[in-house]
Each structure stands twice: as C-alpha cells, then as structure tokens.
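Just so it is clear, the structure is predicted and the values come from calculations on it, not from any experiment. Residue numbering restarts at 1 for every chain, and letters A, B, ... go by the order of the sequence lines.
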There are 2 protein chains.
Amino acid sequence: MTDGADYNQSLKLFIVLSRAYKAINETSSKFFQEHGLNPTEFGVLELLYHKGKQPLQKIGGKILLASGSITYVVDKLEKKGLITRIASPEDRRVTYAEISEEGHRFMSEIFPEHEKNLHELMTALSDEEQKQAIDLLKKLGLSIKDLSY
Amino acid sequence: MTDGADYNQSLKLFIVLSRAYKAINETSSKFFQEHGLNPTEFGVLELLYHKGKQPLQKIGGKILLASGSITYVVDKLEKKGLITRIASPEDRRVTYAEISEEGHRFMSEIFPEHEKNLHELMTALSDEEQKQAIDLLKKLGLSIKDLSY
DNA sequence: TATTGTTATACTCTATAACTATA
DNA sequence: TATAGTTATAGAGTATAACAATA
C-alpha cells in the first residue's frame, strides 16, 4: 500500500467518525434542550451526578472551560435550582458545586432516558460489534491524548 | 445479558466515540486556526475545492447553515481572497461560490498537511483496524441518519 | 506571590425575520 | 407566489483581563 492510500483511509475514518458523532450528538443535544439544558450544562450536571461535588476550578478542567465561563454555567444551573454552591471550609478561596436534591431527582429521571436513547441509536451494531467499536475507539482516543502532551 | 448492561455498553460507546472525535477535532481545529480559518470556513472551502463551484443555497444545505449565516461565512472567505462570488447567467437569483486561484493554491498546500495530521493521529490503529473502524462507524452513522427521518 | 472565583467586556457564530430581486 | 440571497438584529456561549479574597 502506498502512503497516499494510507492518508486517504485516515481521512475516511475521520469522516465516518465525524458523521457518527454528529448524528448521535444532534439527537442527544435535542434531548437535553427539551429538558432545558445545553450540552455544557448537561455535562456539568452529569459530572456532579456521578462524581459528587467538585471545586469549580476542577469542573473547568474537566469540561475545558475558562474560569469566567464556569461561573456563567454554574450560575445558570444554580438559577434553575439543579445545583448549589458550597463554600469550602478548608480553603476559603474554593467553592464547590454540588447537585441539589431537585437536580438529583431530575437526573434520576432523564439520565436513564438518555441512556435508552443512546441504546436505540446504537442498535444498528450487534453486541459484539459494539464491543469491537469500543475497543478500537478507546485505543484511538487514548493514543491521541498521549500525542497531545 | 440484561438490558441494563446493554444500555451501559451503548453509553460507553458514546463516551469513547465522543472522546476520540473531540481529540481529533481539537487538533484539526487548531490546525485550521493556525491558517486563519474556523472549522465552518474550512468545510466550505473544502467543499468548493473538491466539488467545484456551488450555489450558496446548496452550500447551506450541505453544511447545515441558515441562509443568513451562509452569507456571513462566504463574505469572510471572499474578504480573505479565497473564494469569489459568481452570478448565475441562467437564474439571476442564484449566486455561485467558487474557489479562487489563491484559494486553490492555499488548499493545495494545507489539505495534504491536514491529511497527514489525521494520518499521524490514526497510527495507533493498524491498517486492518482502521478498516474495521470505518465499517463499524459507517454502519452506525448511516443507521442513525435513517432513524432521523 | 500564586490561586480561586467573580465581574465586566467583547467577540464569534448562528438563527430569525424583513427585505429585494428575480422566477 | 415561491425562491435565492442580503441585511439587520438579537442571542448564546466562550474567552480575556482586571479584580477581590484568600492562601
């Protein structure tokens, strides 16, 4: 195989990867929006739902958002009553965001629905094919992360 | 296998798919930006580079952008000297966007570099694994598109 | 001095609606 | 009437920089 063909195959992989991602993401985003959230807000809420309270700083790191933007997103979620700010007793510079009772109830309802939606979108692939795809994409994603250091 | 486990696997596939896509996309976006373009502008330019001149209307359809937004993007590319507007002789309502000589030179330089970057990002997967990934993702992407009709 | 989070501000991108000109 | 593209406008989301409080 020539290098040219190789390049072409990588481009093709990028294209099908983009299309699959965008198709799924579009569906998910619509779902979030129906529940009054944008993808960033859902991401923060999901983080707090699954990993417990987090310093704002840390949320910014995980969601890749500047500190000023975190304040903006956290404000919005707090105004919706889905999270609360909690001052850290150890370090008074630090503020935690924690999911509220209402937020927890909310996520308990919509997260399984989100999972179900994803499951339905994935039914084109058999169980075994999904496993293969997961392995390949995990390998790919991890290696790229390594490259970017 | 229970339904629960199934759902979990779909979620996992979504997560690794998102991570891989975002990692690649971030790298590509940075590359575009280094050359003065955002991903949308690159997308339009790539379309014109590979498919020849297109009515603005049609560009909007392919890139999924409202007509007012297309005007905005095309304006920017035109100001950069990378494309030109051409009035249609047959239907005077129609305007084509065509890549300029400068735009063509520009793409002849950066597109192969873009491909090379992608190729390097994909080297974690063997030739055979890339083929598998392409098949799986194509299958997935197509089926989701079908679902959304 | 460095770090956390907030505030103020500006910018980019996109959508919408009203419009012009053509068909 | 319908369509293509433009213009004007507004809004969401993000980044940046200056700042206050704390370490």
Side-chain angles (χ1 to χ4, degrees), chain A residues 18 22 25-26 28-48 53-80 82-98, chain B residues 18 22 25-26 28-48 53-80 82-98:
Chain A
S18 298
K22 284 178 187 167
N25 200 49
E26 197 184 334
S28 295
S29 294
K30 252 182 227 159
F31 174 72
F32 301 153
Q33 206 166 5
E34 281 163 16
H35 292 86
L37 300 179
N38 69 27
T40 304
E41 291 169 314
F42 184 85
V44 172
L45 205 51
E46 186 183 0
L47 176 68
L48 303 182
K53 70 178 182 203
Q54 305 280 332
L56 299 198
Q57 172 73 0
K58 211 164 179 183
I59 296 176
K62 297 210 182 183
I63 314 281
L64 287 204
L65 229 47
S67 70
S69 305
I70 283 294
T71 298
Y72 172 77
V73 175
V74 167
D75 276 354
K76 289 207 303 174
L77 288 170
E78 200 172 24
K79 272 171 202 153
K80 287 170 187 165
L82 300 173
I83 68 174
T84 48
R85 280 181 166 89
I86 299 178
S88 163
E90 302 101 38
D91 185 337
R92 297 186 54 202
R93 291 171 306 180
V94 170
T95 303
Y96 288 93
E98 184 174 37
Chain B
S18 298
K22 283 179 187 167
N25 198 51
E26 197 184 337
S28 295
S29 294
K30 252 183 226 157
F31 175 72
F32 302 154
Q33 205 167 6
E34 280 163 16
H35 292 87
L37 300 178
N38 69 28
T40 304
E41 291 169 313
F42 184 85
V44 172
L45 204 53
E46 186 183 359
L47 176 68
L48 302 182
K53 70 177 182 203
Q54 306 279 331
L56 299 198
Q57 172 73 0
K58 210 163 179 184
I59 297 175
K62 297 210 182 182
I63 314 282
L64 287 202
L65 228 47
S67 69
S69 306
I70 283 294
T71 298
Y72 172 76
V73 175
V74 167
D75 277 353
K76 289 206 304 172
L77 288 170
E78 200 172 25
K79 271 171 201 153
K80 287 170 187 165
L82 300 173
I83 69 174
T84 49
R85 278 181 167 89
I86 299 179
S88 162
E90 302 102 35
D91 185 337
R92 297 185 54 201
R93 291 171 305 181
V94 171
T95 303
Y96 288 93
E98 184 174 38

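Across all their heavy atoms, B:Ala97 and B:Ile83 have their closest contact at CB-CD1, 4.3 Å. Closest non-hydrogen pair, A:Pro39 versus A:Phe32, comes out as CA-CD1, 3.9 Å.
Note: A:Phe42 CZ to A:Leu77 CG = 11.5 Å, rounded to the nearest 0.5 Å. Within the model, atoms CD of B:Glu34 and OG of B:Ser29 stand 11.0 Å from one another, a figure rounded to the nearest 0.5 Å.
Salt-bridge formation is not detected for the pair A:Lys80/A:Asp75: no Lys NZ or Arg NE/NH1/NH2 atom is positioned less than 4.0 Å from an Asp or Glu carboxylate oxygen.
For A:Lys22, the side-chain contact (heavy atoms from CB on, under 4.5 Å) partners are B:Tyr21, not counting sequence neighbours. Residues meeting the side-chain contact (heavy atoms from CB on, under 4.5 Å) test with A:Glu98, sequence neighbours left out: A:Lys53, A:Thr84, A:Ile86.
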Identify all side-chain donor-acceptor contacts of residues 54-74 of chain A below 3.5 Å with residues at least two apart in sequence or on another chain.
| from | atom 1 | to | atom 2 | distance (Å) |
| --- | --- | --- | --- | --- |
| A:Gln54 | NE2 | A:Lys51 | O | 3.4 |
| A:Gln54 | NE2 | A:Gly52 | O | 3.3 |
| A:Thr71 | OG1 | A:Ser67 | O | 3.3 |

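For the helix from C:dT1-D:dA23 to C:dA23-D:dT1, the end axes, each set by the C1' atoms of five terminal pairs, are bent relative to each other by 10° (nearest 10°).
In 5' to 3' order, the nucleotides of DNA chain C bounding all contacts with chain B (an atom under 4.0 Å from a heavy atom) are C:dT12 to C:dA23.
Using a 4.0 Å heavy-atom criterion, one finds that A:Thr95 contacts the sugar-phosphate atoms exclusively.
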Inset, instruction - Assign a letter to each nucleotide of nucleotides 8-23 of chain D from its 5' end: B, base within under 4.0 Å of a protein heavy atom; S, sugar-phosphate only; -, no contact. - result: -----BBBB-----BS
